[in-house]
J.: 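Dumping the structure here so I can ask a few things about it.
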Amino acid sequence: MNENKNFKSANFYLSCFLIAKDLELLDIEKNNTRNRRSQFVFSDTAKLRKLVRNFNFSKNQNSEVLVDARVLISAIKTLKDKLYQES
């Protein structure tokens with residue numbers, strides 16, 4: 001795995017989860033087409049890949065996907081603020 005590459009996702013809640021797990025959001029690539037889906041950009045690391053895999057496929061009570069509700073709410077607010085900022 002090349003650590004210099006980026007991971008992009010249009011999944012808002014996955015991105016919030018990654019932020020809540022202390023991964024740094026590098027950028028938001030805003031798309032001005034009809035579907036208006038933005039891409040959230042993170043560094044592509046082994047930790048990120050493991051978190052994404054667990055987020056998508058682990059059982060509900062897996063300790064690796066549990067997040068403090070306050071931390072998740074803060075991540076949601078932060079990501080929404082960044083998403084709706086004027087560039």
Side-chain angles (χ1 to χ4, degrees):
M1 178 182 312
N2 185 345
E3 297 290 326
N4 294 325
K5 290 194 175 186
N6 292 331
F7 172 85
K8 297 178 184 181
S9 176
N11 186 322
F12 179 80
Y13 292 106
L14 169 61
S15 299
C16 291
F17 170 75
L18 295 174
I19 292 169
K21 288 292 195 174
D22 293 324
L23 294 181
E24 180 183 2
L25 177 68
L26 299 177
D27 194 13
I28 299 174
E29 294 179 355
K30 296 183 180 179
N31 190 345
N32 294 327
T33 62
R34 282 189 89 138
N35 69 4
R36 298 169 36 188
R37 295 195 66 161
S38 296
Q39 294 282 319
F40 304 102
V41 183
F42 296 87
S43 289
D44 190 358
T45 64
K47 178 181 177 181
L48 175 133
R49 291 288 173 173
K50 183 177 180 183
L51 287 170
V52 170
R53 186 173 46 256
N54 285 330
F55 180 85
N56 287 320
F57 301 111
S58 70
K59 303 221 183 269
N60 289 341
Q61 296 303 316
N62 182 332
S63 64
E64 294 191 25
V65 295
L66 297 179
V67 178
D68 182 301
R70 294 169 294 192
V71 174
L72 185 59
I73 291 167
S74 176
I76 291 169
K77 287 180 180 178
T78 298
L79 193 53
K80 280 186 176 184
D81 286 346
K82 290 181 180 191
L83 185 59
Y84 297 117
Q85 283 178 348
E86 293 297 321
S87 300

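Numbering of residues begins at 1 and proceeds along the displayed sequence.
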J.: Considering only distance and modelled atom types, tabulate donor-acceptor pairs under 3.5 Å from the side chains of residues 19-27, sequence neighbours left out.
T.:
unit_1 : atom_1 : unit_2 : atom_2 : d
Lys21  : NZ     : Glu64  : O      : 3.2
Lys21  : NZ     : Leu66  : O      : 3.2

J.: Would you say the side chain of Leu18 lies within less than 4.5 Å of the side chain of Phe40, judging by non-hydrogen atoms?
T.: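 The answer is no, as the side chains (C-beta and beyond) never meet within the 4.5 Å cut-off.
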J.: Report the residues that fulfil salt bridge (charged side-chain N to carboxylate O under 4.0 Å, His left out) with Lys8, sequence neighbours left out, ordered by chain and then residue number.
T.: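 For Lys8 the salt bridge (charged side-chain N to carboxylate O under 4.0 Å, His left out) partners, ignoring immediate neighbours, are Glu29.
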J.: Taking a hydrophobic cluster as the set of Ile, Leu, Val, Met, Phe, Trp and Tyr residues connected by side-chain heavy atoms closer than 4.5 Å, whether directly or through intermediates, do Leu14 and Ile76 fall within one such cluster?
T.: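 Linked, Leu14 and Ile76 end up in one cluster.
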J.: Please check: side-chain N/O of Ser9 versus main-chain N/O of Asn11, any donor-acceptor pairing under 3.5 Å?
T.: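 At least one qualifying donor-acceptor pair exists.
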J.: For the residue pair Leu51 and Val65, establish whether any side-chain heavy-atom pair is separated by less than 4.5 Å.
T.: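 Answer no - side chains too far apart.
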J.: Rounded to the nearest 0.5 Å, how far apart are OG of Ser58 and CZ of Arg53?
T.: 10.5 Å
J.: Can you name the side-chain contact (heavy atoms from CB on, under 4.5 Å) partners of Asn60, sequence neighbours left out?
T.: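 Residues passing side-chain contact (heavy atoms from CB on, under 4.5 Å) with Asn60: none at all.
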J.: Between Asp44 and Phe42, is there a side-chain heavy-atom distance shorter than 4.5 Å?
T.: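 They are not in side-chain contact.
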J.: Tell me, do Lys47 and Lys50 make a side-chain contact under 4.5 Å, heavy atoms counted?
T.: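 No - every pair of side-chain heavy atoms lies 4.5 Å or more apart.
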J.: Hey, could you give me the OH/CG distance between Tyr13 and Leu72, rounded to the nearest 0.5 Å?
T.: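 Going from the OH atom of Tyr13 to the CG atom of Leu72 covers 9.0 Å.
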J.: Verify the cluster assignment for Val52 and Val71: are they in a single hydrophobic cluster under the rule of side-chain heavy atoms below 4.5 Å apart?
T.: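 Yes, one cluster joins them.
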J.: Ser15 vs Leu79, test: side chain to side chain contact (heavy atoms under 4.5 Å, CB included). Steps then yes/no.
T.: CA-CA 8 Å; Ser15 299; Leu79 193 53; 3.7 Å; yes
J.: Residues in side-chain contact (heavy atoms from CB on, under 4.5 Å) with Ser74, at least two apart?
T.: Thr78
J.: Mind checking ring-ring contact (aromatic ring centres under 6.0 Å, His included) for Phe55 and listing every partner two or more places apart, or none if nothing turns up?
T.: Phe17
J.: Between Ser38 and Phe12, is any pair of side-chain heavy atoms under 4.5 Å apart?
T.: no
J.: According to side-chain hydrogen bond (donor to acceptor under 3.5 Å, both in side chains), who are the partners of Asp81, at least two apart in sequence or on a separate chain?
T.: none
J.: Which pairs with one or both residues in residues 69-80 pass salt bridge (Lys or Arg N to Asp or Glu O under 4.0 Å), sequence neighbours excluded?
T.: Asp68-Arg70
